[in-house]
Amino acid sequence: MGEVAGSVGTAARGAHRHAAKAARSEPVRKGARVGIAANGVLHLLIAWLALQVALGGGGQADQSGAITTLAQQPFGRVLLWVLFVGFVAVVLWRLSTALFGFGYVEDKKKKLVKRLVSAGQAVVYAALAVLTVRAATQGNAGGGGGSKATAGVLGLPGGQVIVGIVGVGVVIGGAVMIWHGAKKKFTEDQDLAGVHPQARKVDERTGQVGFIAKGIAIGVLGGLIVSAAITFDPAKANGLDSALKTLAGQPFGVVLLGLVAIGIAAYGVFCFFDAKYHRV
């Protein structure tokens with residue numbers, strides 16, 4: 001029995017080493033950088049759509065709307081396939097960092113949090129990959145998923161409580177993102193040694209503005225989810241698009257949405273720097 005257990009343990013350690021090595025392979029590393037940059041492209045498109053909303057235009061100012069807009073451009077579907085490959089690479093990379101990553105972080109609790117966040121990012125990029133391949137094949141990424149999902153949960157026993165808790169969690173997530181940006185916590189996962197001071201300054205400023213703007217939008221989305229739970233109206237919780245349009249409907253909302261759109265554009269620019277400097 002001891003020999004069998006030892007063989008299983010050896011095989012498990014060998015599989016772990018091979019998986020970790022594959023996660024750090026050059027194709028996955030380069031693909032992850034492409035995916036991070038692709039996220040920047042999406043945020044620039046979302047910012048542009050948000051500005052259209054602020055100026056009284058239509059459109060869906062979220063990831064689905066941005067991907068659909070890209071699909072409708074000349075050679076847009078070709079670019080979507082490039083983005084899809086990048087997003088899939090990010091999913092693989094994020095999963096690997098959730099399991100093996102952040103060796104440069106000494107604090108065990110902090111490392112655990114970063115690994116959990118990385119796992120969550122893998123889910124986000126997987127969703128982006130699905131939207132992208134749908135738009136590449138069908139010409140439309142779809143929409144309205146947020147309200148459909150909320151309606152489904154609201155129909156369950158205790159659904160209002162569940163949706164309310166999720167909404168509060170999203171609000172907290174938005175607040176954390178604002179704090180993350182204000183304190184420049186994102187630089188902890190970047191390798192900025194030897195970076196030109198001017199480039200580092202732009203990286204930090206776009207990251208600060210971008211994280212704060214996204215945090216505000218996510219916080220509003222969380223508030224809408226809580227409102228949907230209270231009023232039993234899932235239509236209020238239809239993702240980032242609903243959050244941005246809610247901002248536009250407030251006093252001075254056009255100005256506020258315009259500022260948030262600029263912030264989201266700053267996050268898009270930050271992604272290009274992050275694609276170069278992120279530890280992968």
Side-chain angles (χ1 to χ4, degrees), residues 22-55 57-97 118 120-146 148 190 199 202-203 206-207 210 213-214 217 238-241 244 260-280:
R24 293 191 296 267
S25 67
E26 195 61 23
V28 171
R29 288 157 59 92
K30 288 184 178 179
R33 295 192 188 281
V34 171
I36 295 172
N39 198 30
V41 173
L42 283 186
H43 277 81
L44 290 176
L45 285 171
I46 292 170
W48 181 77
L49 292 170
L51 282 175
Q52 301 306 304
V53 172
L55 296 173
Q60 188 176 339
D62 58 9
Q63 287 88 344
S64 295
I67 290 172
T68 298
T69 298
L70 190 57
Q72 296 169 350
Q73 307 309 309
F75 304 106
R77 295 197 184 190
V78 175
L79 181 56
L80 284 175
W81 283 112
V82 175
L83 299 187
F84 170 73
V85 172
F87 290 148
V88 170
V90 173
V91 171
L92 296 174
W93 167 58
R94 284 295 186 183
L95 286 175
S96 70
T97 55
S118 197
Q121 287 291 314
V123 174
V124 171
Y125 276 92
L128 288 175
V130 170
L131 291 175
T132 303
V133 76
R134 183 186 299 165
T137 55
Q138 301 177 10
N140 191 306
K148 291 177 183 178
Q190 294 182 318
V202 175
D203 171 69
T206 54
K214 279 199 68 176
N238 194 22
L240 181 62
D241 180 62
L244 295 177
V260 170
I262 292 172
I264 292 174
Y267 186 85
V269 174
F270 164 75
C271 285
F272 297 129
F273 284 92
D274 199 38
K276 183 175 181 179
Y277 302 135
H278 202 102
R279 300 176 191 266
V280 298

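Since we're looking at a predicted model, the values are computed, not measured.
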Compile the donor-acceptor pairs under 3.5 Å between side chains in residues 37-47 and protein atoms, sequence neighbours left out, one pair per line.
| residue | atom | partner | partner atom | Å |
| --- | --- | --- | --- | --- |
| Asn39 | OD1 | His43 | ND1 | 3.4 |
| Asn39 | ND2 | Tyr125 | OH | 3.2 |
| His43 | ND1 | Asn39 | O | 2.9 |
| His43 | NE2 | Lys214 | NZ | 3.2 |

Using the side-chain contact (heavy atoms from CB on, under 4.5 Å) rule, take Leu80 and Leu70 through it: C-alpha gap first, then chi angles, then the decisive distance, then the call.
CA-CA 8 Å; Leu80 284 175; Leu70 190 57; 3.7 Å; yes
Shortest non-hydrogen separation from Ala71 to Ala135 and the atoms involved
CB-O, 4.0 Å
Nearest heavy atoms of Ser96 and Trp93, plus distance in Å:
OG-O, 2.5 Å
Testing the basics here: between Ala213 and Gly263, what is the closest heavy-atom pair and its distance to 0.1 Å?
CB-CA, 3.4 Å
For Thr206, all residues meeting side chain to side chain donor-acceptor pair (under 3.5 Å), sequence neighbours excluded
none
Partner residues of Asp203 under the side chain to side chain donor-acceptor pair (under 3.5 Å) criterion, sequence neighbours left out:
Gln190
When rounded to the nearest 0.5 angstrom, what is the spacing between CZ in Arg279 and OG1 in Thr97?
13.5 Å
In Å, rounded to the nearest 0.5 Å, how long is the span from CG of Leu83 to CG of Leu131?
12.0 Å
Residues at least two apart in sequence or cross-chain that pass ring pair (Phe, Tyr, Trp, His ring centres under 6.0 Å) with Phe273, listed by chain then number, are none
Would you check if the side chain of Arg94 reaches a backbone N or O of Ser118 as a donor-acceptor pair within less than 3.5 Å?
no
Heavy-atom pair with the smallest gap, counting every atom of Gly31 and Val90:
O-CG2, 4.4 Å
When rounded to the nearest 0.5 Å, the distance separating CH2 of Trp48 from CD1 of Ile264 is 14.5 Å
Quick check: closest heavy atoms across Leu49 and Ala66, and the distance to 0.1 Å?
CD1-N, 3.6 Å
From the list Val124, Leu128, Val82, Ile36, side-chain contact (heavy atoms from CB on, under 4.5 Å) partner of Phe87 resolves to Leu128
Per-pair distances, 0.1 Å, donor-acceptor, side chain in residues 72-79, under 3.5 Å, sequence neighbours excluded:
| residue | atom | partner | partner atom | Å |
| --- | --- | --- | --- | --- |
| Gln73 | NE2 | Thr69 | O | 2.9 |

Partners of Phe270 by ring pair (Phe, Tyr, Trp, His ring centres under 6.0 Å), sequence neighbours excluded?
Phe186, Phe211, Tyr267
Residue pair Tyr277 / Ala199: nearest heavy atoms and the distance that separates them:
OH-CB, 3.7 Å
